[in-house]
Protein chains: 2
Amino acid sequence: MSDPLGQVFGALADPSRRQVIGYLSARGTATATELTGELPMTRQAVAKHLATLADAGLVESERQGRETRFRLTEAGAEWDDRLDALRSHLTRHRR
Amino acid sequence: MSDPLGQVFGALADPSRRQVIGYLSARGTATATELTGELPMTRQAVAKHLATLADAGLVESERQGRETRFRLTEAGAEWDDRLDALRSHLTRHRR
DNA sequence: CTCATGTGCAACCTCCTGGTTGCGCTATTG
DNA sequence: CAATAGCGCAACCAGGAGGTTGCACATGAG
């Protein structure tokens with residue numbers, strides 16, 4: 001759609017997707033099946049989230065044998081930091 | 001829905017809404033009818049965008065007589081700055 | 001007072017999104 | 001080689017998002 005900013009914000013708007021970013025930041029790498037254990041949804045749903053994150057350039061994948069491992073891109077890691085900052089900025093400013 | 005971050009990102013995901021933020025930042029204040037002149041949509045559509053921006057806490061309104069004037073909140077102004085930074089960050093990193 | 005201007009509310013439509021199920025293919029393992 | 005684990009693709013569904021039209025209500029201007 002040639003609206004990179006919109007894709008990024010759209011990707012970050014979903015809480016499950018932000019959680020995925022958090023998990024990937026903590027683990028470094030994970031497969032869709034692994035992440036399914038952490039989220040209340042099916043593997044295919046997780047795979048879709050990973051796909052939109054990849055479209056937004058926040059995540060990249062690499063097939064290793066029969067599994068596909070995902071990790072944060074540089075932009076994704078930057079956003080993981082910004083998310084932490086924004087969260088504390090919110091709770092600080094709330095009241 | 002008690003997902004403040006999600007509301008903010010959702011609001012920023014739409015290009016028309018980001019444009020509205022830009023206009024408000026430039027003009028300081030505007031009504032829905034005024035903004036309709038700048039965007040290819042009806043006044044009601046603009047009003048909806050302003051409502052979601054207000055729900056996200058990026059914009060606030062004040063009724064003056066028969067018109068309702070909108071302006072950026074502090075958070076909205078901060079995001080207007082962050083948007084500029086992100087855009088140049090993108091065009092810098094792209095290529 | 002009358003009338004035009006500005007607004008808000010509600011119904012409606014279309015398309016996208018988050019999620020599901022089902023199936024078939026690929027690659028490891030025993 | 002056979003069985004299984006992991007993945008991708010496609011169809012499908014309910015609900016929300018972006019937008020429209022139509023109308024009723026309030027307020028300032030003449």
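Throughout, protein chains are lettered first and strands after them, A, B, ... in sequence-line order, and every chain is numbered starting at 1. Values below: every heavy atom of this structure, side chains too, minus hydrogens, waters and symmetry copies.
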For A:His49 and C:dC16, what is the distance between atoms NE2 and P respectively, to the nearest whole Å? 18 Å

Applying side chain to side chain contact (heavy atoms under 4.5 Å, CB included) to A:Arg69 and not counting sequence neighbours gives A:Thr29, A:Thr31, A:Glu34, A:Gln64, A:Glu67

Which of residues 12-26 of chain A sit near DNA chain C, with a heavy atom under 4.0 Å from it? A:Asp14, A:Arg17

If a protein heavy atom is under 4.0 Å from the base, mark B; if only from the sugar-phosphate, S; if neither, -; do that for nucleotides 20-26 of chain C going 5' to 3'. BBB----

If I take atom CG in residue A:Leu35 and atom P in nucleotide C:dG18, what distance separates them, rounded to the nearest angstrom? 17 Å

Listing, residues 46-54 of chain A side-chain donor-acceptor contacts under 3.5 Å, not counting sequence neighbours, or none:
from	atom 1	to	atom 2	distance (Å)
A:His49	ND1	A:Arg17	NH1	3.2
A:Thr52	OG1	A:His49	O	3.0

Residues in side chain to side chain contact (heavy atoms under 4.5 Å, CB included) contact with A:Gln19, at least two apart in sequence or another chain: A:Tyr23, A:Leu39

Sequence neighbours excluded, the answer for side chain to side chain donor-acceptor pair (under 3.5 Å) partners of B:Arg18 is A:Asp3

Pairing residues for B:Thr36 by the side chain to side chain donor-acceptor pair (under 3.5 Å) criterion, not counting sequence neighbours: none

Can you name the side chain to side chain donor-acceptor pair (under 3.5 Å) partners of B:Thr68, sequence neighbours left out? none

With B:Asp84, which residues qualify under salt bridge (Lys or Arg N to Asp or Glu O under 4.0 Å), at least two apart? B:Arg87

Those residues at least two apart in sequence (or on a different chain) that pass side chain to side chain contact (heavy atoms under 4.5 Å, CB included) with A:Arg82 are A:Glu78, A:Trp79, B:Leu86, B:His89

Residues of residues 51-60 of chain B with a heavy atom under 4.0 Å from any atom of DNA chain D, listed by number, are none

Test side chain to side chain contact (heavy atoms under 4.5 Å, CB included) applied to B:Thr42 - qualifying residues, sequence neighbours left out: B:Gln44, B:Ala45

Between A:Leu35 and A:Val20, what is the shortest heavy-atom contact and its length? CD1-CG1, 4.0 Å

